[in-house]
Visitor: 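Before we start, here is the structure in question, set down as structure tokens.
What's counted below: heavy atoms across the whole structure, side chains too, no hydrogens, waters or symmetry copies. Chain naming here is simple, since letters A, B, ... match the order of the sequence lines and numbering starts at 1 in each.
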2 protein chains.
Amino acid sequence: MDIIIKIDDPVPLFAQLVAQIKQAVLGDKIAPGDALPSIRQLANDLDLNTKTVAKAYRLLERDGVIEAKGYRGTFVHPDAKVNSAVDLNEWALATLGNTVGTLREAGVTDSEIRIAFSRAMNNQKNKES
Amino acid sequence: MDIIIKIDDPVPLFAQLVAQIKQAVLGDKIAPGDALPSIRQLANDLDLNTKTVAKAYRLLERDGVIEAKGYRGTFVHPDAKVNSAVDLNEWALATLGNTVGTLREAGVTDSEIRIAFSRAMNNQKNKES
DNA sequence: ATATGTACCATGTGTAGTAATGGTACATGG
DNA sequence: CCATGTACCATTACTACACATGGTACATAT
């Protein structure tokens, strides 16, 4: 795996990692079942903090691209290729875009939308008890 | 109109103004057709900047609570009482709350939701040309 | 001329959230 | 024992935005 991290890139480091691993899956450079380097290993190789790599791995597992098997290490998910093609963030963008559009049409100010959004994020945080 | 502005209140000054004027309408202290003090006048009385008062008036006019008639001054809107009861911000909060809830259930991170929201706000800005 | 709402230039302060870093500690199951 | 992923404590730098302030300028129509 030729992973190249650019520290001066505006794209966050963990996001670069996520993107490149998804690309590796889509380009068949790694296949389901393949073992990935451990968090500590990869952090050492790429000269990153373990937290940064851990964050990328956490997101990749949520997206069904990799599978963490505890002490045994991390592996490429069986459905990795399909799941790599699905972009949760783009869907979130589209969904929020619709809502924002509706509010804007109703005459709600951008500033008010931002404030309402901030409140919405904090409100629901306490809703799931 | 007994308007009291508390500078040490966490509620923004312009928001205090908006709320109190709406309350004055709902409490029949001012009725449709009544003239409101000019922006400069009110800013002077309350010891506020004209911009702050202007912001409140702008929002009140959008909500159909008051009517700006240019050089003639500002007046209470004919449908002020009905329009004062509608809270655009609460509706925005509820709408955004639903969207955020949906995204959260889908496993989207709060951080990712915020980023997607930020992009949604910037995207649509250029959409209406 | 006058006072109206409105629009533009700008600055300062405070808050909130992101990204990345460091260190320490834990349960897991070969 | 040991390396795994994971979770907690924390700090630093940065960005974006809200709020409020100040000054200046403009078209309006009596």
Visitor: Check the pair A:Lys69 / A:Glu61 against salt bridge (Lys or Arg N to Asp or Glu O under 4.0 Å), numbers first and verdict last.
Guide: CA-CA 11 Å; A:Lys69 301 200 173 180; A:Glu61 181 163 34; over 6 Å; no

Visitor: On DNA chain D, does the nearest nucleotide to A:Arg58 precede the nearest nucleotide to B:Ala15 from the 5' side, or the other way round? Give the residue.
Guide: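 Result: A:Arg58.
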
Visitor: Strictly under 4.0 angstrom, non-hydrogen atoms only: write out the protein contact profile of nucleotides 21-30 of chain D, one letter per nucleotide from the 5' end, B, S or -.
Guide: BBB-B--BSS

Visitor: Between B:Leu60 (CG) and C:dT6 (C1'), how many Å, whole number?
Guide: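 Distance check: B:Leu60 CG to C:dT6 C1' gives 16 Å.
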
Visitor: Respond yes when some side-chain nitrogen or oxygen of B:Lys55 is under 4.0 Å from OP1 or OP2 of D:dC19, and no when none is.
Guide: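 Looking at the OP1 and OP2 atoms of D:dC19, one of them is under 4.0 Å from a side-chain N or O of B:Lys55.
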
Visitor: Which nucleotide in the set D:dC17, D:dC19, D:dG5 lies at the smallest distance from any side-chain heavy atom of A:Ala68?
Guide: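 Nearest nucleotide to the side chain: D:dG5.
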
Visitor: Before accepting this row, confirm whether a basic side-chain N of the pair B:Asp110/B:Arg104 lies closer than 4.0 Å to the acidic partner's carboxylate O.
Guide: yes

Visitor: What is the distance, rounded to the nearest whole Å, between atom CD1 of A:Ile115 and atom C1' of C:dA16?
Guide: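 Rounding to the nearest Å, CD1 of A:Ile115 and C1' of C:dA16 are 13 Å apart.
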
Visitor: Could you check whether any side-chain heavy atom of A:Thr52 comes within less than 4.5 Å of a side-chain heavy atom of A:Lys55, counting everything from C-beta outward?
Guide: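 When only atoms from C-beta onward are counted, A:Lys55 and A:Thr52 do not touch, as no gap falls below 4.5 Å.
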
Visitor: Are the side chain of B:Arg114 and the backbone of A:Met121 linked by a donor-acceptor contact shorter than 3.5 Å?
Guide: no

Visitor: C:dG17, OP1 or OP2 - any side-chain N/O from B:Ser111 closer than 4.0 Å?
Guide: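 False: B:Ser111 side-chain N/O out of range (4.0 Å or more) of C:dG17 OP1/OP2.
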
Visitor: Check every atom of C:dG17, C:dT6, C:dT4 against the side chain of B:Ile39 and return the nucleotide holding the closest atom.
Guide: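 Shortest atom-to-atom distance from the side chain points to C:dT6.
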
Visitor: By nearest atom, which of the nucleotides C:dG17, D:dC19, D:dT6 is closest to the B:Arg114 side chain?
Guide: C:dG17

Visitor: Would you mind reading off the distance between A:Leu17 atom CG and C:dA20 atom C1', rounded to a whole angstrom?
Guide: 13 Å

Visitor: Of all the nucleotides listed (C:dA19, C:dG5, D:dC17), which has the minimum atom distance to the side chain of B:Ser38?
Guide: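 When the side chain of B:Ser38 is considered, C:dG5 is the closest of C:dA19, C:dG5, D:dC17.
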
Visitor: To the nearest Å, how far apart are B:Phe117 CZ and D:dA16 P?
Guide: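 Checked: the CZ to P distance equals 15 Å.
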
Visitor: Does B:Glu67 form a salt bridge (Lys or Arg N to Asp or Glu O under 4.0 Å) with B:Arg72? I'd like the steps, not just the answer.
Guide: CA-CA 11 Å; B:Glu67 263 182 331; B:Arg72 271 175 293 173; over 6 Å; no

Visitor: Rounded to whole Å, please give me the gap between CG in B:Asp8 and P in D:dC19.
Guide: 17 Å

Visitor: Figure out the CD/C1' separation between A:Glu61 and D:dT4, and round it to whole Å.
Guide: 13 Å

Visitor: Apply side chain to side chain contact (heavy atoms under 4.5 Å, CB included) to the pair B:Asn122 and B:Ser118, showing each step before the final yes or no.
Guide: CA-CA 6 Å; B:Asn122 292 341; B:Ser118 179; 4.2 Å; yes

Visitor: Establish, with yes or no, whether the OP1 or OP2 oxygen of C:dT4 is under 4.0 angstrom from a side-chain nitrogen or oxygen of B:Thr74.
Guide: no

Visitor: Please report, rounded to the nearest Å, how far the P atom of D:dA3 is from the CD atom of A:Gln41.
Guide: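 In whole Å, D:dA3 P and A:Gln41 CD are 12 Å from each other.
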
Visitor: Quickly work out the A:Asn44 CG to D:dA3 P distance and round it to whole Å.
Guide: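 Distance check: A:Asn44 CG to D:dA3 P gives 14 Å.
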
Visitor: So does A:Val65 get a backbone contact from the side chain of A:Asp63, meaning a donor-acceptor N/O pair under 3.5 Å?
Guide: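 No: the side chain of A:Asp63 does not pair with the backbone of A:Val65.
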
Visitor: Counting side-chain heavy atoms from CB outward, which of D:dC19, C:dA20, C:dG5 is closest to A:Pro12?
Guide: C:dA20

